[in-house]
Each structure stands twice: as C-alpha cells, then as structure tokens.
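As structure tokens, the structure follows; a few thoughts come after it.
Nothing here was measured: the structure is a model prediction, and the numbers come from that model. Below, each value reflects all heavy atoms present in this structure, side chains not excepted, and no hydrogens, waters or symmetry copies.
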Amino acid sequence: MADIQSNNEKTSFTLANNFIQNIITEDLKTNKNNGRVHTRFPPEPNGYLHIGHAKAICLDFGLAAQNKGLCNLRFDDTNPSKEETEYVDSILEDIRWLGFDWEDRLYYASDYFGKLYEYAVSLIKTGQAYVCDLSPQQMRQYRGTLTEPGQDSPYRRRTVAENLDLFERMRKGEFAEGARVLRAKIDMSSGNLNMRDPVLYRIIKTQHHRTSDNWCLYPMYDFAHPLSDAIEGITHSICTLEYEDHRPLYDWVLEAVNTACRPQQIEFARLNLTHTVMSKRKLRELVEQGYVDGWDDPRMPTLSGLRRRGYTPEAIRDFCERIGVAKSNSTVDITLLEHCIREDLNIKANRVMAVLRPLKVIIDNYPDGQVEKLAAENNPGNPDMGSRILPFSRELYIEEEDFNENPPKKYFRLTPGQEVRLKHAYIIKCESFVRDEQSGKVVEVHCSYDPQTKSGQETSDRKVKGTIHWVSAAHAKKAEVRLYEYLMLDENAEEEIEENLN
RNA sequence: UGGGGCGUAGCCAAGUUGGUAAGGCAACGGACUUUGACUCCGUCAUUCGUUGGUUCGAGUCCAGCCGCCCCAGCCA
C-alpha cells in the first residue's frame, strides 16, 4: 500500500495493522491535526544504527508514507560529550541504504538551541523554571526514592529576576560545569520521578560537533525533544517503551511553553533478537575492547554489519514488516531474520558451485586432457537470470562430506559402487577409492561416468539417488570463504557477553 | 496502597462496537526435486496469566489475585 520514493527507486513497504496505525487512522477520521501525519526518526549520533533502529525507521517512515504524510530525520545531538560526526555520517548512509528518504528534511536538535534557550527564558518568566545550585549528589538526596516523596530544593523559591540573571550568566560561561542547572518547577512529591523538578539545562564545556563552542549550556532530552517536535510540526512522536514515564513531562513542557503544535508521543516495544545483543552500550563495548572487528563486523546486528554479511535492504524491511509492532516486551527468534534473507536471495542471487573441503575425484573413463563446456542455469527458479559455462574435466573436487565409504541409512550421496549425479554434468559411479596410509583418510575417489547422462540431454533423465556439486580441479579458482555464526551462543545474552561470544 | 506498562501456541502477532481464536517463524508429516535446497500440500490454542462476576453468549466488559518489564543520569 505504501510506496516510498527513494532515489528514483521504488521502495515498497507495508505495515501490518498495528496499534499505532489504528491511532493514526482514528486521528485521520476525526480530522485531528487537519488530516496531517508527520513523524520523525530522531537518532542520537553516538553509535551505529542496528536492526532495532531499522524497526523504528520502518515505523517512522513507513507510517508517514502509508498515510500520505512526511517523516523528518532529526539528529538528537544535545550532549556534545557523547556525539561525533563519524556517527552522523554512518547513520545517514545506513538510512539511505535501507531505502528511506528524508528529502530536504534533515534537521538537528542543535539547530534549535537558540529557540530552545528562549523557551527556557519564557519558562523562567512564568515562574515555571528555576536555577538550582544543588550538587548532583545533593539533588539525588532531595529527589527522594521510588516510595518516598522528594523535598523542594532550597533554590526553588528564587525570584524571577534572580533566575533570569543566573541563567544568562550560565549561558555566558561564568560557572563551572556542574555548578548550576535549570530545573522545571513541577512537583517534588510526584510518584513519577521524572516530574520531580527535572533538569532542563546543564553546563557542559565540550566542543559540539556542529555548534563548536557557541554554547556551554545544553538542553536535556526531556526539554529539547518535545519542543523540537513542536517546532517541526510533528503530529505523532513515536518512541520506545522506556519513555512512557516521560510522556507526562513531554506534555508538561509543551503546555508550559504553550506551543501551537501539540505532538502526541506514542511508545512501542523495542526489538530484541535471540543470539545477539542490541544495546548500544554493549555493542560499543564489543567494538572498543576488540572482541569484534568494528561496528561493521559481520556478526554484529548493526546495519553496516548486516550489510557486510550480505543482507539486503529488502530482507531487512521485510523482517520489520513481519515482526509487527506492539507494547509487550518480546524477543524475536533470529531464524525469522534468516528466513527473510534466504527468501530474498533465493529469487535474486546467482548460483555458483564451490567446494569447501575438497576431495579429489578421478573419472577414469573420461579422456585425459579433455575439457567440456557445460551450460548451467544461474538461478533454477528464474530463467531470465541466464546461464553460465562450466568447464568439466577428468579430475574434479567434490565436498569431503559428499563421499562416505560406510554410508548410514538414507545417505543419498557418493558411496562405493553407487551412482550420483554431478550437478549440471554427468552421472558418475564410484569404482574405488584411495586412502592415505598414515591417516587412513580417503584422499581420492575413482569413478566412471556414463556419457549418455550429460545434463540437459534427452538421455539424461535417469534417476539417481542424489546430486552433488563439484569443481574441475584444473580450472578451480582459490577463494576465501567466510562462514558466519551467531554473535552469541546463548539465546539470551543479556549479561556476561564476553563469555558468551561465539 | 510509589508511579508507568505488559501478559493470546516454542517465538513474534492479529483480534474496531461482546457472537464462538488471522497470519508469519520454528517444528513435524507428505509430494516434488539435476544439490537432503527451493517450491507445494498438510498438522500444530476446545482456548486467550488466574479466579470470580455481568451476559443467551466474554480473548474482548467489571472486580480481585498472580507474574514479568521500566523509572531514583546534570544520558538519550
């Protein structure tokens, strides 16, 4: 249903019915927001995007697209001590690769620092925010606990004039990092800790990757996010479950500043996958401590890692469509992801033959020195993908495990005295084999072939019990083959990542 | 009696106003097969955390209980 235009390429993406779409459908019906649907994907540039972000991206962009709306890309860059341009570059690349297009709507929360500062000033003027001198430790004590209410800060009753003066001087850099903060004046006894006079602004004297040293005062997520949404005219602000407790604060900020636009925050459950880890913290740990090659190590669940491993954007989008969207914490079986890539590659990948653990096969009745050119279809399921020519000769390599001198029941491959089909070639029969005297290992298998059974010939339709792949010994090219396993051995790898690495 | 959420099959997940449990993955049968793949067919919840209640009728409404997740960063 939804077609997302992306770099002249059509990216089809359809979200199954889910509770967020239901909300949007209802909003459209009641003409809320004048029928407008505008979402945003707000990554913090402090790490690489992973498959969990892909779920969010597909949701944010997909929901917008299938409701004829728009989706912005906005970097949530309010903490210069954690963010870097390397990350914004990789994020841009990964979203594009996934197939989504933000067109001309690329924004940064740092674009709004000026406006945000003015909003903060207006909050001070209306007595809804104050400068607090409590140290972080003191503030923790005043905050109370989960079951006990907090206490008002002694600075809570400062006058508007004093607050205005102090806040201005905070901006000018007159105070040390951590010396003072700007707090919202809400309710120190709220059961929701986020409402116990949350910090709105703090002093950080670090170069920002975009605003350099223009600021030493940075807004907190809880202040910057709702206002950035409002500034951009976002209608549906979709985020993950852990922000549920922040929603009252999100709404409070918009109300306190009295913005014209009132986006609605909607939370969904983030993606968890078996046999891997998904938290940025843990992924960063693996990268920084050298357990993996980098963010794009093929074992990583990052988009760059999946891409290196051979995943296609189509497969990842398909996966995101299939997993659904809900509010219950869940862990998706990684076999679903694997199913998606197999299904996609099955229809578009060319087949070639390669032997991983070679075992020599000599066809004794095949003329020495003769080389035949055999035609092989590139994809048996799709004739349009054409065919290639394979060289066939007297000496071949087959897979070690495709020969067994003492075959178990139901072994369909090469065994002494039995026949097997060489894929795209002839039917051969094992006449004898040679073993290494030292190791006792079979090192050479001697066969005879039936010239009447050349693949594609009319006389080739004899049934044999199995078909195996092969390469011509003289023509085979050496290749590096990479086999990947899961990142983690255990299905659930929450803790003790190191011991659990595959 | 801190606040906020969630509980439908091994894993995800539909289930608008109560009307008699979609779909996918996995698994298991079987057919087909020039790769034991792919494809195709079939099986897989008398039951929706639990106990009561309302009702002709409850996964859907009400009440109680149980279990799990999130929150005490000047992170996002």
What's the separation between atom CG in A/Leu306 and atom NE2 in A/His50, rounded to the nearest 0.5 Å? 11.0 Å
Syn/anti state of B/G5 by chi, 90° boundary around 0: anti
Please determine, for the side chain of A/Asp76, which listed nucleotide (B/A76, B/C25, B/G2) has the closest atom? B/A76
Under 3.5 Å side-chain donor-acceptor pair for A/Thr211 and A/Ser110: no
If you check every side-chain atom of A/Arg421, which of B/A76, B/U34, B/G36 has the closest atom? B/U34
Distance alone, cut at 3.5 Å: any donor-acceptor contact between the side chains of A/Glu372 and A/Tyr366? yes
For nucleotides 17-19 of chain B, which of its nitrogen or oxygen atoms have a protein nitrogen or oxygen under 3.5 Å away, and what is each distance?
none

Can you tell me the distance, in whole Å, between the NE2 atom of A/His339 and the C1' atom of B/A27? 14 Å
Base, sugar-phosphate, or nothing for A/Thr274, non-hydrogen atoms under 4.0 angstrom? nothing
Between A/Thr147 and B/G3, does any side-chain N or O lie under 4.0 Å from OP1 or OP2? no
Could you check whether A/Asp77 pairs with A/Arg210 (Lys NZ or Arg NE/NH1/NH2 to Asp/Glu carboxylate O, under 4.0 Å)? no
Reckon A/Tyr218 touches a base, only the sugar-phosphate, or nothing at all at heavy-atom distances under 4.0 Å? nothing
Ring centres under 6.0 Å, that's the criterion: do A/Tyr119 and A/Phe223 meet it? no
Would you kindly say whether A/Glu255 and A/Tyr250 are connected by a side-chain donor-acceptor distance under 3.5 Å? no
Let me know, please, whether A/Lys55 or A/Asp77 comes out on the 5' side of the other along RNA chain B by nearest nucleotide. A/Lys55
Provide, to the nearest angstrom, the distance between the CG atom belonging to A/Leu249 and the C1' atom belonging to B/G4. 14 Å
The nucleotide from B/C75, B/U33, B/C6 with an atom nearest the side chain of A/Lys463 is B/U33
Indicate whether any N or O donor in one side chain lies under 3.5 Å from an N or O acceptor in the other, for A/Arg351 and A/His424. no
With the threshold set at 4.0 Å, does a side-chain nitrogen-carboxylate oxygen contact exist between A/Lys282 and A/Glu285? no
Report the residue (A/Glu377 or A/Asn46) whose heavy-atom-nearest nucleotide on RNA chain B is the more 5′ of the two. A/Glu377
What's A/Lys410 touching, base or sugar-phosphate or nothing? Going by heavy atoms closer than 4.0 Å. base
Rounded off to whole Å, could you give me the CD1-to-P distance for the A/Ile334 and B/C11 pair? 17 Å
Taking NZ, NE, NH1 and NH2 as the nitrogens, is one of them in A/Asp213 or A/Lys205 under 4.0 Å from a carboxylate oxygen of the other? no
What is the nucleic acid contact for A/Asn22, judged by heavy atoms within less than 4.0 Å: base, sugar-phosphate only, or nothing? sugar-phosphate
Which base, if any, makes a Watson-Crick or G-U wobble pair with B/A76, both distances under 3.5 Å? none
Output one letter per nucleotide in nucleotides 68-74 of chain B: B when a protein non-hydrogen atom lies under 4.0 Å from the base, S when only the sugar-phosphate is that close, - when neither is. -SBBBSB
Side chain of A/Thr78 - closest among B/C25, B/A76, B/G2: B/A76
Across the strands shown, which category fits A/Val325 at heavy-atom distances under 4.0 angstrom: base, sugar-phosphate, nothing? sugar-phosphate
Nearest-angstrom distance from the residue atom NZ of A/Lys348 to C1' of B/C38: 17 Å
Among B/U34, B/C25, B/C12, which nucleotide sits nearest the side chain of A/Arg322? B/C25
A/Gln21 versus A/Asn67, side-chain donor and acceptor atoms under 3.5 Å: yes
Checking only heavy atoms, does the side chain of A/His469 share a donor-acceptor pair with the base of B/U35 at less than 3.5 Å? yes
Could you tell me whether A/Lys423 contacts a base, only the sugar-phosphate backbone, or nothing, with contacts defined as non-hydrogen atoms closer than 4.0 Å? base
Base, sugar-phosphate, or nothing for A/Arg183, non-hydrogen atoms under 4.0 angstrom? nothing
Between CG of A/Asn18 and P of B/A14 the distance, given in whole Å, is 7 Å
Check the phosphate of B/A13 against A/Ser330, side-chain N and O only, distance under 4.0 Å to OP1 or OP2. Yes or no? yes
Mind checking if A/Thr467 touches a base, just sugar-phosphate, or nothing, with heavy atoms under 4.0 Å? sugar-phosphate
